[in-house]
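To start, the structure under review is shown below, and the notes come after it.
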Amino acid sequence: MIVYKEMGGAYMKIGYACLTMGLPDYGFKSCTLKNTDNHSLTQIISHNLTILSKILDYNEKNSITMFRITSDLIPFASSPANKLIWWNLFKDRFTDIGKQVMRANMRVSMHPGQYTVLNAIDEKIVERAIEDLEYHTKVLDCMGLSSEHKIILHIGGVYGDKTSAIKRFSDNYQRLKETIKKRLIIENDDRSYTIEEVLRIGIQLGIPVVFDNLHNEVNASITSKTEQEWIIECQKTWKDRDGIQKIHYSQQNPNKQKGSHTESIHIEKFVQFYEKLPDKNINIMLEVKDKNLSALKCINTTLLSDIKLLEEEWARYKYFVLEKSPNIYGQIRQLLKDKKKYPAIGFYQLIEESFNCEENSGYVVNAAQHIWGYFSKVADTKEKEQFTKNINAYIEGTLSVKILKKRLLKLALKYKNDYLLDSYYFYL
DNA sequence: TGACGTCAAGATCCG
DNA sequence: CGGATCTTGACGTCA
């Protein structure tokens, strides 16, 4: 059971998008256009629904109450290449997943990518966009989920004339079925439509608007307003049937081009953003490469308060940290000694610090030997020889740390060591 | 015409 | 041959 901190009755959720990392066998499957026969599509869809269900279980166990479902759940769903009546074939599976979502009080969403363009000039592209929106709607409808579970879309292209591009968006929006309209929400993007423009469209058409902080940073409105002011403006576009206001939060990757997301959420910066929120009655979708790891980080820092959570996180991070810096490893152990305190921010700051450490071969070997310690008694002669060989090859520089870890992961899988399999050591 | 973004499939390379 | 690594695919817009 989730015990939230006192937030004046507000109901905050923080979630992540599409994929779950740090766990084996959580990957979705797909196929290429030429392999879209009924049999393989059926297999893939069945597999993907199983994975989705596993992810939702994981989310529930970890108090993650918001999640974006990947558009790749059904391959080529809105293409004539997929002739399956998948919504009937897997009706019960969808219903079960929907029940799972509702039981966990989870909020899910979907987000067609940048290639679904409702305001295109080419009517064929518009038709495909509508079909794609119908697909996304069908997934959520099949699950029996209410209209609080949203589908988020960008406005689309500009085509050298924004006024008529917006007019086309508006006209084509009117063509959509009511089932789609009641789920559709719109978002400011990183190059074409600012939050101010999206708000104008949203207000005119009665569509809830999602504020994306990074897109707003990269593609600012002419009207200068603070993030908090834009969030308040967007809040007004959310009606009762839409549920609590949603926003997107991400941070700029300093090594990549404008709008690129960071590997992980920088916790200090997130807490600053969180504390400045005008209303905690809001749901935050994180857009970040390390997915659920950052979601856990942000949730544990802002919504929860139980030292056990940090201890669990520490169990998952410890060998990674040990490999990066035995010094930081020692600092974190000290930090977590006092069971009455809840030093979440300091804990995650130290974790973040360990990411910045250069590879040190002595530390890498030390951490690998700690992992090997779990197998040294059960491993057979060949595996023992292999491990020694791998370590020596690493020291000589002929084997990368990445491969060294992959081989240790294989042992963890073979000997079914759940404690190790939960460790981020293998995945970071 | 290629970059953009995203992920897994597919292809190729290596020991 | 199995496993690691590189390339392709699928989408539409914009420079």
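To find a chain, count down the sequence lines: A is the first, B the second, and so on, and within it residues start at 1.
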Practice task
Assign A:N35 to base, sugar-phosphate, or nothing according to its heavy-atom contacts below 4.0 angstrom with the strands shown.
Solution key: sugar-phosphate
Scan nucleotides 13-15 of chain C against the protein and return all N/O pairs shorter than 3.5 Å with their distances rounded to 0.1 Å.
from: C:dT13; atom 1: OP1; to: A:Y159; atom 2: OH; distance (Å): 2.0
from: C:dC14; atom 1: OP1; to: A:V158; atom 2: N; distance (Å): 2.8
from: C:dC14; atom 1: OP2; to: A:Y159; atom 2: N; distance (Å): 3.4

Completion exercise
Students should find that the nucleotides of DNA chain B closing off the region near chain A, any atom under 4.0 angstrom from a heavy atom, are B:dC4 to B:dG10
Handout entry: A:K324 to A:F355, cation-pi by 6.0 Å centre distance and 45° axis angle
Key = no
Practice task
Check for a donor-acceptor pair, side chain of A:S294 on one end and backbone N or O of A:K291 on the other, with a separation under 3.5 Å.
Solution key: no
Handout entry: Interatomic distance, A:L409 atom CG to A:L404 atom CG [nearest 0.5 angstrom]
Key = 11.5 Å
Problem - Separation between CG of A:L293 and CD of A:E263, rounded to the nearest 0.5 Å - result: 11.0 Å
Practice task
Taking atom NZ of A:K384 as the centre, report whether more than 12 heavy atoms of other residues, nucleotides or ligands fall under 6.0 Å from it.
Solution key: yes
Problem - Charged N-O contact under 4.0 Å between A:E123 and A:R175 - result: yes
Practice task
Please name all residues satisfying side-chain contact (heavy atoms from CB on, under 4.5 Å) with A:R191, sequence neighbours left out, ordered by chain then number.
Solution key: A:D189
Exercise for the section: List in numerical order all residues of residues 25-34 of chain A for which some heavy atom is under 4.0 Å away from an atom belonging to DNA chain B. Expected result: A:F28, A:K29, A:S30, A:T32
Problem - Donor-acceptor pair, side chain of A:H111 and main chain of A:I152, under 3.5 angstrom - result: yes
Problem - Cation-aromatic face contact A:K162/A:Y193, 6.0 Å, 45 degrees - result: yes
Distances for protein N/O vs nucleotides 1-8 of chain C N/O pairs under 3.5 angstrom?
from: C:dG3; atom 1: OP1; to: A:K410; atom 2: NZ; distance (Å): 3.1

Exercise for the section: Measure from NZ or CZ of A:K318 to the centre of the six-membered ring of A:Y329 and say whether it is under 6.0 Å with the direction within 45° of the ring axis. Expected result: no
Problem - Interatomic distance, A:I45 atom CD1 to A:L73 atom CG [nearest 0.5 angstrom] - result: 8.0 Å
Practice task
Please report the shortest heavy-atom distance between A:Y394 and A:S400, naming the atom on each side.
Solution key: CD1-C, 4.2 Å
Problem - Sugar-phosphate, base or nothing in reach of A:K405, heavy atoms under 4.0 Å - result: nothing
Exercise for the section: Would you indicate what A:K124 reaches in the nucleic acid, counting non-hydrogen atoms under 4.0 angstrom: base, sugar-phosphate, or nothing? Expected result: nothing
Practice task
Please give the angle, rounded to 10 degrees, between the axes at the start and the end of the helix from B:dT1-C:dA15 to B:dG15-C:dC1, where five pairs define each axis.
Solution key: 70°
Fill in the blank from the handout: Between A:Y415 and A:V378, the two heavy atoms sitting closest are OH-O, 3.5 Å
Practice task
Could you tell me whether A:K410 sits above the aromatic face of A:F426, with NZ or CZ closer than 6.0 angstrom to the six-membered ring centre and within 45 degrees of the axis?
Solution key: no
Exercise for the section: Side-chain contact test, heavy atoms from C-beta onward, threshold under 4.5 Å: evaluate it for A:K405 versus A:Y425 and give yes or no. Expected result: yes
